Amino acid sequence: MMQSTAAVSISASSVATGAARSGAARRAGGVRVCGLRGEALACPSLRISPAAHARLAVARAVANGAVGGSGEFDYDLVIIGAGVGGHGAALHAVEEVGEACSGLKTAIIEGDVVGGTCVNRGCVPSKALLAVSGRMRELHDEHHMKSLGLQVSSAGYDRQGVADHANNLASKIRSNLTNSMKALGVDILTGVGTIVGKQKVRYGVGFPDKEITARNIIIATGSVPFVPKGIEVDGKTVFTSDHALKLESVPDWIAIVGSGYIGLEFSDVYTALGSEVTFVEALDQLMPGFDPEIAKLAQRVLINPRKIDYHTGVFASKITPAKDGKPVLIELIDAKTKEHKETLEVDAALIATGRAPFTKGLGLENINVATQRGFVPVDERMRVMDADGNVVPNLYCIGDANGKLMLAHAASAQGISVVEQITGRDHILNHLSIPAACFTHPEISMVGLTEPQAREKADKEGFEVNVVKTSFKANTKALAENEGDGIAKLIYRPDTGEILGVHILGLHAADLIHEASNAIALGIRVQDIKFAVHAHPTLSEVLDELFKAAKVNSGLSHSVNEPVAA
Amino acid sequence: MAASPAPFSLSASTVPARLRAAAVAPLAAGPRRRGRMVVRAKIREIFMPALSSTMTEGKIVSWNASEGDRVSKGDPVVVVESDKADMDVETFHDGIVAAVLVPAGESAPVGAPIALLAESEEEVAAAVAKAQELANGGQQQAPPPSADAAATPPPPPPAAEAPVAAPAPAAAGTKGVATPQAKKLAKQHRVDLAKVTGTGPYGRITPEDVEAAAGIQPKPKVTPAATAVAPPPSAAAPAVGKVPQAAELPPVPGATVVPFTTMQAAVSKNMVESLAVPAFRVGYPILTDKLDALYEKVKPKGVTMTVLLAKAAAMALAQHPVVNASCRDGKSFTYNSNINIAVAVAIDGGLITPVLQDADKLDIYLLSQNWKDLVKKARAKQLQPNEYSSGTFTLSNLGMFGVDRFDAILPPGQGAIMAVGASKPTVVTDKDGFFSVKSKMQVNVTADHRIVYGADLAAFLQTFAKIIEDPESLTL
């Protein structure tokens, strides 16, 4: 009650400020149901300038339920780590007009470079390399070119040019991120941040000596490549994605340890640039994280026809960099029996065995928080849990550091969710609505459950699961592009029409998935979305095809006007 | 990475005849080398099925059965991807999968054998031998492949199938490390990696080594890896792809290889065939002032110079039927009943000769009308065979380009071809010794000397010149 009163008065004043400054109300009157699980809040959100935050301090305090006035803390929000998660949270914090407050005074602490892994050593530079590999592939696919009626003379590449493209892209995005935060009034503090006590952070370069207080703290320190024991990384012949993205060499033959997203994307890059690739996968199947059917097709499209072979069910127990006139040596042991199986001799090895949280030196012990395998334990609201299983007030952890879903956009979404909560609106992010993509050629994307996961859940909860599939071969635009390889599958509940998962392998799959992920986030059901119109001829009709093919038993909901919050 | 098309084209060309035979008598493995001994055995081929009415070729998605597996009738042995869907394909017979001819990931035309099924253990060896033979044939393609690799003259590299000779084991002393692509190729071409000498870094077996062992000459087609290294600046990318083995005609680095279109292939074939004809040439200068004047007159009525020349040639041919004849068997004259003038026309990326039929009988206006239609069809590539192959005499005119004279090559099946140069103002002296400037063009006729002799051509050209120099008859 108190909150809502405050909200009214604040909104009244902020409307004037915000509208006057930005010229238009953003999402004014928009209904927000995104990603909510039950608490569908409807509140008008308006843009407000960071300068307004001082005036709103009282309301903030009320909304936060915090004691004392605004002067008590240096910042409303301090974020440790300026990766994509921290950046997303910071932007939302300074921009957002909450139900009861807005424009949090925000600082972000970064000990390395703004942008974090994604921008500097991950998604961003790898997309630059993949853009090159996609074109190389096309130019070298004589058959494909010929069937389009094109004649191309032999294509080559300049390694340094490719590497520069990746590097330039990273610096460009990095400066974009930095500028966007500066422009909105986020204080960027340099150094390593350590939590020294409740709502208290120390930071600085070399010898951290500056201490600040914050009403709320978000840990967003991300992750680093995980290198298993026994593997000696020299950065030249045995390296992680951090080094690989610099593309300092294109080895003749490279072993990629791990066949997840990272490994798969790099196999796409390296084979396009002329390398041969050997996958080393500990599990019995390649691409273990993917829906099995997608993995099977991916193997057929992305592995088998390329210069790739693989060893599954084996660990790389020891990897020695090339030296003394010897190649890189990789000792493989059986994943189950641990018996030595084989020694590979290759020119280089890329360790893509996943990522480990970067949470050391955070000072979590000062507040009785114990990490689990390095991850910071959190509840569904990203609130940090202490060693006794209690919520640590005013402390959150987002992104790779909590390990819930190690994707850049998941971190950002979690950060936004946290800001929502600290500005007085409860919010729980539906992780099942977060899409994921692998930018191979063609791309792979997915959202929600895989088919086995869905069937397991169905067995447990006693509902039925249906699957419909369609092929890119049936899509006009895909055929026009001569890219008929690929499938899309929809996993749904025939009783309610709820979308449980969508998996796509095919041209531009990464862009196509959002119709499905938005539908899941908004709780739109198959029987509703199938009436939505898709432009013809577009790849989006692949999803249209799925929605139309899905049979729903309940004839209850046929409204196309009202989104249903599931 | 286009899968090697060699085996497919083989299947397409050599196998269909055998397809219908349920059981094929295969070549059995001889004691020393594969001999030509015929053994009666039941070896069946598993064909690429037609899964839809529009399917012409199918891609093997995966083999459910591998070599050596026993399968029974009705078992799904292979998954095939057609233009529409993936389908399990069942075997119609019991037996042992002796050899997979088309590995997973590759395509084969409908009806081509994709595996061999032996009825019993005893026949497996025979089937394997047969598979080897098919595979070898596929790789060498052009020359009729002899099954014994050792006898194949051009590729000298360590023969893959050669019986283990003394030097082989020593050379194969490398630890047998092969790159992923080398392994793939070895499987595809049935090369025993143990017998291949690696030439790559650390003595590893490279794809090139396997290809050499399989007797495949490095073709320009295998360029993807090699081209990656083509631009030298990538110093830090040392040798992506090895130096290709010496080929007979190495591809020109950086050059573009553009295969002939169907039309260009046809031209090429005809040109080569023409070398078998003893042709000779006779030239003749012709004054064209009157023809030019006539042309100006009839031009508004849609008559082109090409038609006028064709008509003139046809009228001359009517008086000299031997020039309109052809020599088809080297023993006789074939006099054509019609005078059909083929006119060479350059079209996009090629050359075609639409034919003005009965050019001697039709008037120039009708011929012009026909000509317009023919050219339009030629441009649209819609000419019917009789509209471009029924010529009895060919006219080729490069005058519009300013060419003053040229020789044409005689097309097969015709006795003569006329090459017309540009008409140019020239100082001429008449029989009274007066100088004047007249338009003169040079006409050269190439003819088959088996039937057309010099005097014949001279007489024909004289008639032709008369018609051109006094062209009123053309309009009749």
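Every value quoted in this text rests on a predicted model; they were computed, and no experiment measured them. Numbers restart at 1 for each chain; the letters A, B, ... are given by sequence-line order, proteins then strands.
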Salt bridge check: are A:Asp485 and B:Lys59 linked by an N-O gap of less than 4.0 Å?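 Answer for the salt bridge query: no.
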Reported [atom1]-to-[atom2] distance for the pair [X] and [Y], which is rounded to 0.5 angstrom:
X: B:Lys183; Y: A:Thr278; atom1: NZ; atom2: OG1; value: 6.0 Å
X: B:Gln181; Y: A:Asp252; atom1: CD; atom2: CG; value: 13.0 Å
X: B:Lys184; Y: A:Lys307; atom1: NZ; atom2: NZ; value: 10.0 Å
X: A:Ile308; Y: B:Thr179; atom1: CD1; atom2: OG1; value: 12.5 Å

Taking side chain as everything from C-beta outward and backbone as N, CA, C, O, which of these in [X] sits under 4.5 Å from a heavy atom of chain B? Side chain, backbone, both or neither.
X: A:Ile303; result: backbone
X: A:Val162; result: neither
X: A:Val301; result: neither

Heavy-atom distance under 4.5 Å to chain A: side chain of B:Ala182, backbone, both or neither?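 For B:Ala182, the backbone is the part near chain A, not the side chain.
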Quick one: are A:Trp253 and B:Arg204 in side-chain contact, heavy atoms under 4.5 Å?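 Side-chain contact under 4.5 Å: yes.
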As an exercise: rank B:Ser62, B:Pro207, B:Pro180 by heavy-atom pairs under 4.5 Å with chain A and give me the winner.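 Option with the greatest count: B:Pro180.
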Does A:Lys296 have more than 12 heavy atoms from other residues, nucleotides or ligands lying within 6.0 Å of its NZ?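 It does not: A:Lys296 NZ has 12 such atoms or fewer within range.
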